[in-house]
Each structure stands twice: as structure tokens, then as C-alpha cells.
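All values reported here derive from a predicted model rather than from experimental measurement.
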Amino acid sequence: MLSKSHIKLITSLKQKKYRQQYGYFVVEGVKTIKELLESNLELYALYTTETFNIDAKKEFIISETELKKISFLKTPNKALAIFKIPEVKTVDKTKLIVALDDVRDPGNLGTIIRLCDWFGVKDLVCSKKTVDCFNPKVIQATMGSITRVNISYLDLEVFLKKANMPVFGAFMEGDNVYKSKLPNDGILVMGNEANGVSLEVENLVTEKISIPRFGDLQATESLNVATATAILLSEFRRS
């Protein structure tokens, strides 16, 4: 049975300040929870309508009605878990890194985390204004990839200045990526959904690249940032 203290903790974790205060985040859905249980992440508590056969002290069997009270989803998916936020590891500056400059949409960030996982990018560096990777909507969109990508939040300008690596930025007016020679290591900077890469970060980019438009009218204004990231990472891995 759910206690008031459990409900209070879970609902508070919808907000970033409480995730940071308590050091926990929420995961929903049987498939994603099982994937996280098999990772190195530490489980705090699991609330489920069907047993996972784990440590009885951490598993709480609840009713569907109780699950609806704590779920952040319109249609709850049988289970909700609380995991401890892991410590961030040092960024590996010898391999390809993706950097996000103020990406705000949770779905975009979640998809980009999945893309990093797919293309073998171990480090994702985010500006401090980028949406929190432990936001429930981001976690939902990562489909478990959150466990395999090291995500750091830092001063992006300072990081780029000290990185001593080639910095590639995605711009509409950049060089055609299909004709560019791309290295195996470096930093790929993707900008904000509405404004692109900020001027401060743009000044630190060593090579601007773009995805050319092939439509007859050339009328499409831009690509979604996650879609653009997928195309550019594919080109980096082709090299």
C-alpha cells in the first residue's frame, strides 16, 4: 500500500529542484525499468501491479488505482520505479562527443541520447540551460539508453575552449556535410530548437557543417534538432 510519504516523494520528483535535492529520478514502464535494473544504476524503490521478483524491501505491490495516483503518464504502464541519479564520469576527449547548446524539448533530448547510444557516442555534453536529462519525459524518450551515455552539464563555452579538439557546428550556411571529410574524434555542437547555436558558442566552432536541402522549392525552414543529429552522426561514422 502506498503511504503519503511515498506519494509526496514521487510527485515531487517531477520537478528538477527536488530531483537535485533528493538525488533520485522516476522511470515508468516495465520494459525500461527492467533495462535499468540490469544496469549499474541503484534502485531506490519499485511500485508495481505485477511482481518483478526483486528485493522485497524495495518492491511494493500496488493497485492500478494507486499507480494512477503516482504516475506522470496519462496511461500508466504497470510499474513506476525510483532510481538514484548516478555520478557523472569524466568526459573522454579522445573520441567523438556531442554537445548541446540550450536544447529545451524533452523529446528531442531523449531521442538524442538514444542516438548517441546507437552511434557509440559515450559522452553527451550539455549547456546548463539544456533540459534536465532526468526529466520524466526525457527518460521515457531514451528507452533505456540513459544508462549507456555519460551526460554532463557544464559551462559549454569553457569546455569548448579547453577541449583541444576540432569543434563542428550545425548551421544552415555551413559546408555540405556530404562533401566534408570528418574525423573519428571531435565535438559536434547542436543548437537550440528555435535559435540554433548561440553566438558565443558559434565563435568557438572550428568548422561549420550543414545538411543540404534537396527539395525543388527549397522551402523547408529547418530540420528538427534530433533528426539533424541523426544525419550528422551517421556521416561522422561513415568517415
Side-chain angles (χ1 to χ4, degrees), residues 35 39-41 86-103 105 107-131 133 138 141-193 196-214 222-239:
E35 190 158 354
S39 72
N40 293 324
L41 291 181
E87 290 187 11
V88 179
K89 300 172 186 175
T90 304
V91 177
D92 184 352
K93 296 177 183 177
T94 66
K95 298 178 180 178
L96 182 61
I97 298 167
V98 172
L100 301 183
D101 184 14
D102 199 12
V103 169
D105 183 79
N108 282 337
L109 177 56
T111 302
I112 290 170
I113 292 170
R114 288 182 68 192
L115 288 167
C116 286
D117 186 19
W118 182 270
F119 286 104
V121 175
K122 299 297 183 184
D123 282 287
L124 176 62
V125 173
C126 302
S127 66
K128 292 182 179 179
K129 289 185 178 179
T130 294
V131 62
C133 65
V138 176
T142 69
M143 303 284 287
S145 289
I146 190 79
T147 65
R148 293 180 291 274
V149 179
N150 183 45
I151 305 167
S152 308
Y153 284 80
L154 39 72
D155 186 317
L156 193 53
E157 292 174 60
V158 172
F159 174 78
L160 294 176
K161 285 177 182 177
K162 295 181 177 180
N164 195 30
M165 299 175 77
V167 180
F168 295 83
F171 292 86
M172 292 295 290
E173 72 279 7
D175 295 332
N176 184 337
V177 70
Y178 301 125
K179 297 180 180 179
S180 300
K181 185 172 176 57
L182 303 173
N184 293 321
D185 61 347
I187 302 170
L188 172 61
V189 180
M190 305 301 296
N192 173 270
E193 290 89 346
V197 176
S198 64
L199 181 60
E200 295 80 7
V201 172
E202 180 180 352
N203 290 332
L204 299 170
V205 169
T206 56
E207 186 171 341
K208 295 181 179 180
I209 53 177
S210 72
I211 302 163
R213 289 177 290 189
F214 293 94
S222 64
L223 286 175
N224 169 275
V225 65
T227 301
T229 302
I231 294 168
L232 294 176
L233 284 180
S234 179
E235 288 304 304
F236 268 93
R237 290 314 190 203
R238 187 200 299 269
S239 302

Do Ile187 and Val125 have side chains that get closer than 4.5 Å, going by heavy atoms? no

Check Ser180 against Ile209 and note the closest heavy-atom contact, atom names and distance. OG-CG2, 4.2 Å

With sequence neighbours left out, the residues meeting side-chain contact (heavy atoms from CB on, under 4.5 Å) with Ser198 are Asp101, Glu200, Val201

Under the side-chain hydrogen bond (donor to acceptor under 3.5 Å, both in side chains) test, which residues partner Asn224, sequence neighbours left out? Asn108

If every non-hydrogen atom of Phe119 is compared with every non-hydrogen atom of Arg237, which pair is closest and at what distance? O-NE, 2.7 Å

Of all residues at least two apart in sequence or in a different chain, which pass the salt bridge (Lys or Arg N to Asp or Glu O under 4.0 Å) check with Asp123? none

Could you list the donor-acceptor pairs under 3.5 angstrom formed between side-chain atoms of residues 155-172 and any protein atom two or more places apart in sequence or on another chain?
unit_1	atom_1	unit_2	atom_2	d
Asp155	OD1	Glu157	N	3.1
Asp155	OD1	Val158	N	3.2

Partners passing salt bridge (Lys or Arg N to Asp or Glu O under 4.0 Å) against Glu87 (at least two apart in sequence or in another chain): none

Please enumerate all residues that pass salt bridge (Lys or Arg N to Asp or Glu O under 4.0 Å) together with Glu193, with sequence neighbours excluded. none

Apply side-chain contact (heavy atoms from CB on, under 4.5 Å) to Ala228 and list each qualifying residue two or more places apart in sequence or on a separate chain. Met190, Ile211, Leu223

Sequence-distant partners of Asp117, salt bridge (Lys or Arg N to Asp or Glu O under 4.0 Å), two or more places apart: Arg148

Sequence neighbours left out, what passes side-chain hydrogen bond (donor to acceptor under 3.5 Å, both in side chains) with Thr94? Give chain and number order. Asp92

With side chains defined as the heavy atoms from C-beta onward, is the minimum distance between Leu232 and Leu182 less than 4.5 Å? no

Mind checking side-chain hydrogen bond (donor to acceptor under 3.5 Å, both in side chains) for Ser127 and listing every partner two or more places apart, or none if nothing turns up? Thr130

